[in-house]
Number of protein chains: 2
Amino acid sequence: MARALRPAEILTSYIATRGLKATRQRHVILEAFLSARGHVSIDDLLAKVRSADPRVSAATVYRTMKLLTEAGLASAQHFGDGQVRYEAAAGKAHHDHLICTSCGQITEFEDDRIESLQDAAARSHGFRVERHKLEIYGVCRACQRAARPGPARSDAN
Amino acid sequence: MARALRPAEILTSYIATRGLKATRQRHVILEAFLSARGHVSIDDLLAKVRSADPRVSAATVYRTMKLLTEAGLASAQHFGDGQVRYEAAAGKAHHDHLICTSCGQITEFEDDRIESLQDAAARSHGFRVERHKLEIYGVCRACQRAARPGPARSDAN
DNA sequence: GTCCCTGCAAACTCTTTGCAGACCG
DNA sequence: CGGTCTGCAAAGAGTTTGCAGGGAC
């Protein structure tokens with residue numbers, strides 16, 4: 001099997017085959033996005049990008065992330081906090097998200113049994129599945145520890 | 001077991017116990033919300049409300065739906081189309097959503113096996129679960145039929 | 001040189017908020 | 001009457017878009 005292309009190569013070839021242009025901004029944004037390695041908001045990304053090149057505008061980040069999404073390098077996620085977040089998509093299997101409501105950390109996980117039950121549930125309702133999205137909100141291990149430094153409390157607030 | 005309270009009674013008692021006031025608008029909005037029986041956007045709801053009382057403002061609908069949510073009568077859903085939708089919540093168990101990407105219809109379903117696998121997955125990552133959200137996007141039976149009136153096509157577009 | 005891309009600012013959508021007057025209890 | 005609510009309009013947040021100049025090929 002052929003070696004997987006690196007993201008920069010994927011972008012370059014996507015750009016080349018469509019008569020688009022390889023600009024400084026597009027590469028800066030790709031680098032910032034890859035180095036973020038998480039689920040970045042446009043805001044976070046813009047900050048990172050600007051530390052490398054202060055003149056890049058927010059509009060360009062929006063436009064470029066759309067381009068990366070079309071190129072299959074990024075995928076957009078809506079976690080209900082009112083802004084889009086992007087995660088790296090190149091060669092990744094479908095996965096779901098655990099979101100800590102305390103620190104905001106987002107963890108990915110995969111579970112084939114859940115996947116097939118989802119498909120079965122959809123089929124039993126006559127749906128042809130295109131995609132699905134599972135998000136579990138809760139408190140991560142670290143935040144649970146931080147919140148309970150002493151003996152257990154029965155704080156129901 | 002006691003008879004379940006009707007929504008209007010729940011609202012009245014919620015209002016009474018907090019020193020709030022029962023206004024014409026609040027009841028009109030509750031009625032419109034209940035008669036919608038689905039996953040209504042504020043926009044849809046405002047239209048319904050105005051057909052009963054044209055002077056109600058959008059701000060009041062926003063404020064009232066928040067109130068109904070606190071009272072346990074409604075629950076807010078974010079389906080990634082950029083607007084909040086509300087569904088009736090009184091006495092309903094947790095459930096997930098099947099969303100038709102063609103006609104927008106939203107169907108609810110429940111699956112205990114999925115629920116427990118979700119909980120297990122979260123626990124295995126050390127999360128204490130607060131809530132979760134599963135959305136399956138696809139094409140509903142009706143839209144599949146509508147899209148293929150003749151023999152099967154191999155349209156990959 | 002051509003056409004794409006960028007930065008800026010204005011526009012847009014959805015939602016929230018400040019305020020003065022209206023209304024409930 | 002007092003305090004809550006309402007409608008209006010303005011303000012906000014996040015995102016998109018029109019345009020003129022700049023840059024890739």
* Close side-chain approach of B:E31 to B:K48, heavy-atom, < 4.5 Å -> no

* **Side chains of A:R55 and A:R24 in contact at under 4.5 Å (non-hydrogen atoms)** => yes

* To do: On DNA chain D, check which nucleotide each of B:V61 and B:G19 is closest to and give me the residue with the more 5' one.
  => B:G19

* To do: For A:D43 and for A:A59, find the nucleotide of DNA chain D with the closest heavy atom, then tell me which residue's nucleotide is more 5'.
  => A:D43

* Do B:E130 and A:T101 have side-chain N/O donor and acceptor atoms under 3.5 Å apart? -> yes

* Asked: Do you see a donor-acceptor pair shorter than 3.5 Å between the side chains of A:E87 and A:H39?
  -> yes

For [X] and [N], what is the distance between atoms [atom1] and [atom2] respectively, to the nearest whole Å?
X: A:R26; N: D:dC25; atom1: CZ; atom2: C1'; answer: 14 Å
X: A:Q25; N: C:dG7; atom1: CD; atom2: C1'; answer: 9 Å
X: A:K66; N: C:dC4; atom1: NZ; atom2: P; answer: 19 Å
X: A:L67; N: D:dA24; atom1: CG; atom2: P; answer: 16 Å
X: A:L30; N: C:dC5; atom1: CG; atom2: P; answer: 16 Å
X: A:E70; N: C:dC5; atom1: CD; atom2: P; answer: 11 Å
X: B:I29; N: D:dT6; atom1: CD1; atom2: P; answer: 7 Å
X: B:R55; N: D:dC5; atom1: CZ; atom2: C1'; answer: 14 Å

* Asked: With no hydrogens and no angle check, is any side-chain donor or acceptor of B:H78 less than 3.5 Å from a backbone partner on B:A76?
  -> no

* 5′-ward residue of the pair B:D81/B:R24 relative to DNA chain C -> B:D81

* Asked: Taking for each residue the nucleotide of DNA chain C bearing the nearest heavy atom, is the 5' side occupied by B:L20 or by A:L20?
  -> A:L20

* Asked: Given C:dT16, is OP1 or OP2 found less than 4.0 Å from the side-chain N or O atoms of B:Y62?
  -> no

* Asked: So, is A:T23 close to the C:dC4 phosphate, meaning a side-chain N or O under 4.0 Å from OP1 or OP2?
  -> no

* To do: When you get a sec, tell me which of C:dG7, C:dT15, D:dT15 is the closest nucleotide to the side chain of A:S57?
  => C:dG7

* Check every atom of D:dC25, C:dG7, D:dT4 against the side chain of A:A22 and return the nucleotide holding the closest atom. => D:dC25

* Contact class for A:A58 vs. all strands (heavy atom < 4.0 Å): base, sugar-phosphate, or nothing? -> nothing

* Report yes or no: is there a donor-acceptor pair, N or O only, under 3.5 Å between the side chain of A:R63 and the base of C:dG7? => yes

* To do: Answer yes or no: side-chain N or O of A:K21 and base N or O of C:dC4 forming a donor-acceptor pair under 3.5 Å.
  => no

